[in-house]
Amino acid sequence: MIKKEMIAMLLAGGQGSRLGVLTSNLAKPAVAFGGKYKIIDFPLSNCINSGIDTVGVLTQYRPLRLNQHIGIGIPWDLDRSIGGVTVLPPYEKSENSQWYTGTANAIYQNLEYIDYYNPEYVLILSGDHIYKMDYEVMLDYHKSMEADITLATYEVPMEEASRFGVVITDGNGVIQEFEEKPEKPRSNKASMGIYIFKWSILKAALQELKDVPSCDFGKHVIPHCHEQGAKVVAYDFKGYWKDVGTLGSYWEANMELVDIIPEFNLYEEFWRIYTKSDILPPQYIDESGTVTESIVGEGTEVYGEVQHCVIGSGVTIGKGAIVKDSIIMNNTVIEEGAIVNKAIIAENVKVGKNTELGVGEEATNEYKPHIYSFGLVTIGENSVIPDNVKIGKNTAIYGTTKASEYPDGLLKSGSSLIKVGDLA
Amino acid sequence: MRAIGVILAGGNSSRMGELSAKRAVAAMPVTGSYRAIDFSLSNMTNSHIQKVAVFTQYNSRSLNEHLNSSKWWDFGRKQGGLYVFTPTITSTNSYWYQGTADALYQNISFLKDSHEPYVVIASGDGVYKLDYNKVLEEHIRKGADITVVCKDINPEEDDVSRFGVVKYNDDMQVVDFEEKPLVAQTQTASIGVYVIRRRQLIELLEACAKEGRTDFVKDILIRYKNVKKIYAYKMDSYWRNIGTIESYYKTNMDFLKKDIRDYFFRQYPDVYSKVDDLPPAKYNKDAVVNNSLIASGCIINGTVENSVLFKKVYVGNNCVIRNSIILNDVHIGDNSVIENCIVESRDTLRANTIHTAEPGQIKIVVEKNFRYAL
């Protein structure tokens, strides 16, 4: 008989459109982080480290890269004969076929998957946060509180609380009220989007709410259960937790990793983070190369100067190149003499010789000002930057670009040059 | 699936000194991220050989640990897969493997129960890339009984007389084979890779065992060299054996050259290894690294020049490491100086430690101090 105490459902279908060109061709959970990892590695590693061996990963937006990354779950020891990791895309039904219209709707469409494992509890996770968390401790808390639903919460600064869904609890941690992005927050306990449900309660709620359009956990399911009298408690999480939803916060969270003793420490033996590594060889630093205040992935070769950077695997930094305050993802080539300042460069990009990235004064991005800010240069995967051009701040580039597309050899601050993908 | 694979990884080399005191040579870490046996194992999988037996005997703990799952070389198969054979006691035999032929003979059922017509035998201490299918095709074309893969050794690079020395005629047929001769007749060494028909091998092993003979090279290759058709297959690409301290040191240092790195790391096919899930290497503010290989999990605060740092090495402030090889999980305290050394894995060097050897000399450092670990 198949029986799992708790299984996890990991919501990984979102685009994460605020990451701009980084997610033009892949879902946000598949975006690289910290040199060799992808964002989804953190919740997946947390699962296996917490003793959860059954994880359903709900995909929807451009799932290819996620599928390739997850495979049958070998890197996380999630290749199991019963359980393990299963990728769950939306599927056609004899009637009412639909995409996943909301977080709870996605789970509703996979009731059969959960029922197969016959769990007591279901853990709902999202695939876009950087943190280490023992879900087993949260489950123990859930049991000791005799709760129906436990929400993980995180204390955020009061002035930022209005960006989150916040909860108001009584003295015992039992939730009295919810406020979704309140203008005047009465609490700074933000919901982290991590829930433990008694499966019977969740199943009933999903069935009752099945006709709600875009059925969502925060907006519909949890308030509904609360109204029905379910005991909803807050589990106060004290560790490191970072939402990397915007380019600015993504850049910052990466850069924190190079601190002498980073708040989020990847070097602890305890609670390792696992990932699929295709590139194994050691990295090589040439006589002409220098690397300081940086982390660097496997197989990278440095012939130039790297300072305060997060560099992925299989990267080449050419002779005379100077790369500062930047994130360079796997297999990208920065050619000789290029100068890169405060840039996020995705996988397999070629940055031509003697180019200069991040020049001039900041200017508001004309195309999507709320996305391309923070003074960053953002370059999507597989892009090509021709030799000898200059690129300003708050800019975005995606696709194979030619020198003729840079007026006077310059892409000025605040401009975008997007040639492929949905945005072209 | 014309062939099964056999990797002879039992050996210990007295010429490796302290380095192989606690591990088989095949389990020696090489070039930062790999272990010696990864090269033969990857060659097997890249040659589409799906059933491979590793024979091990001398202190096999670290080798067994490395081979704890066959997934990493894609041997995690229902058909075939990776077999590790260590000596066992049976009702008729309670001896260790008396030699390579004896190791095979004691596990002859592995050979008998297979149905692939050929066997590729390799050793676990070579660093090279080779498509065994090419050797096999040549073996079939020549109608050979045994094919021996050979390589010309540059006398400046290595000493040919520590290998089997091969002399062959214009048709590539082996006319003489001497094991570790006092004076080598040629500069051609056997690299310890052989192709042989499976039934032929079983016959030879059984004949050997009857006469109480135990060594594959001495009692089969050399003894039968005038009876069986033994051919040489010349290999021109990179190959090195790591069985002495000098050759081990040189092999690692070879990877500081771009062409050798590109050949192994950036050209098809890849070399596989067990994945250790270590974080990226970290370079702090005062790190100065020149012409060096750094594996994942390292944290560097000092100066590193012309050196190879294996996985998870910690280099303290103001340290200077030159022309050295630092094996896995070594902690080097502040203000230490290490020159021309090989530092054994899991060593803990206290602050202000100095280990240097004259240029051209290699000092082996083994320092097991207490390390406070979380």
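Each chain gets a letter, A, B and so on, in the order its sequence line appears, and its residues count up from 1. Every heavy atom of this structure was used, including side-chain atoms; hydrogens, water molecules and symmetry mates were not. Since this is a predicted model, take the numbers as computed values, not measurements.
In this structure, the portion of A/L257 lying under 4.5 Å from any heavy atom of chain B is its backbone and not its side chain. With a threshold of 4.5 angstrom between heavy atoms, B/I300 does not approach chain A through any atom at all. Using a 4.5 Å cut-off between heavy atoms, B/K311 makes no contact with chain A at all. For B/V271, the part lying under 4.5 angstrom from a heavy atom of chain A is the backbone only. Residue A/E301 touches chain B through both its backbone and its side chain, counting heavy-atom pairs closer than 4.5 Å. Proximity to chain B is limited to the side chain of A/D79, based on heavy atoms less than 4.5 angstrom apart.
Within residues 310-322 of chain A, the residues having any heavy atom less than 4.5 Å from a heavy atom of chain B are, in residue-number order, A/G314, A/V315, A/T316. Residues of residues 278-293 of chain B having a heavy atom under 4.5 Å from any heavy atom of chain A, listed by number: B/L278, B/P279, B/P280, B/A281, B/K282, B/Y283, B/N284, B/K285, B/A287, B/V289, B/N290, B/N291, B/S292, B/L293.
Between B/F39 and B/F255, the two ring planes are tilted [angle within 30° to 60°]. Ring orientation note: the planes of A/Y284 and A/Y303 are tilted relative to one another, at an angle of 30° to 60°.
With salt bridges taken as basic N to acidic carboxylate O contacts below 4.0 Å, none links B/D259 and B/R261. In this structure, B/R61 pairs ionically with B/E65, as a charged nitrogen and a carboxylate oxygen lie closer than 4.0 Å.
Between the A/S326 side chain and the A/K324 main chain, a donor and an acceptor come within less than 3.5 Å of each other. One N or O on the side chain of B/S324 and one on the backbone of B/R322 form a donor-acceptor pair closer than 3.5 Å. The main-chain N or O of A/D41 is found under 3.5 Å from a side-chain atom of A/S45 such that the two form a donor-acceptor pair. At least one donor-acceptor pair under 3.5 Å links the side chain of A/Q283 to the backbone N or O of A/G297.
In this structure, B/K129 is not positioned above the aromatic face of B/Y238 in the sense of NZ or CZ being under 6.0 Å from the six-membered ring centre and within 45° of the axis. By the 6.0 Å and 45° rule, A/K132 does not stack over the aromatic ring of A/Y240.
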* Derivation and outcome, side chain to side chain contact (heavy atoms under 4.5 Å, CB included), residues A/L44 and A/Y274 -> CA-CA 8 Å; A/L44 280 179; A/Y274 307 101; over 6 Å; no
* A/E298/A/K36 under salt bridge (charged side-chain N to carboxylate O under 4.0 Å, His left out): CA gap, chis, key distance, verdict -> CA-CA 8 Å; A/E298 282 98 341; A/K36 62 185 284 191; 3.1 Å; yes
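Contacts with chain B were tallied for A/V296, A/I285, A/I295; A/I285 has the most, counting heavy-atom pairs under 4.5 Å. Note: B/L256 leads B/V308, B/V275, B/L256 in heavy-atom pairs under 4.5 Å with chain A. The greatest number of non-hydrogen atom pairs below 4.5 Å with chain B, out of A/L266, A/V306, A/T300, is found for A/L266. Per-residue counts of heavy-atom pairs under 4.5 Å with chain B were compared for A/G35, A/G299, A/P281, A/G34; the largest is that of A/P281.
Of all the heavy atoms in B/S62 and B/R35, the pair that sits closest is CB-NH1, 4.5 Å.
Side-chain contact between A/D243 and A/H129 is present, with heavy atoms from C-beta onward closer than 4.5 Å.
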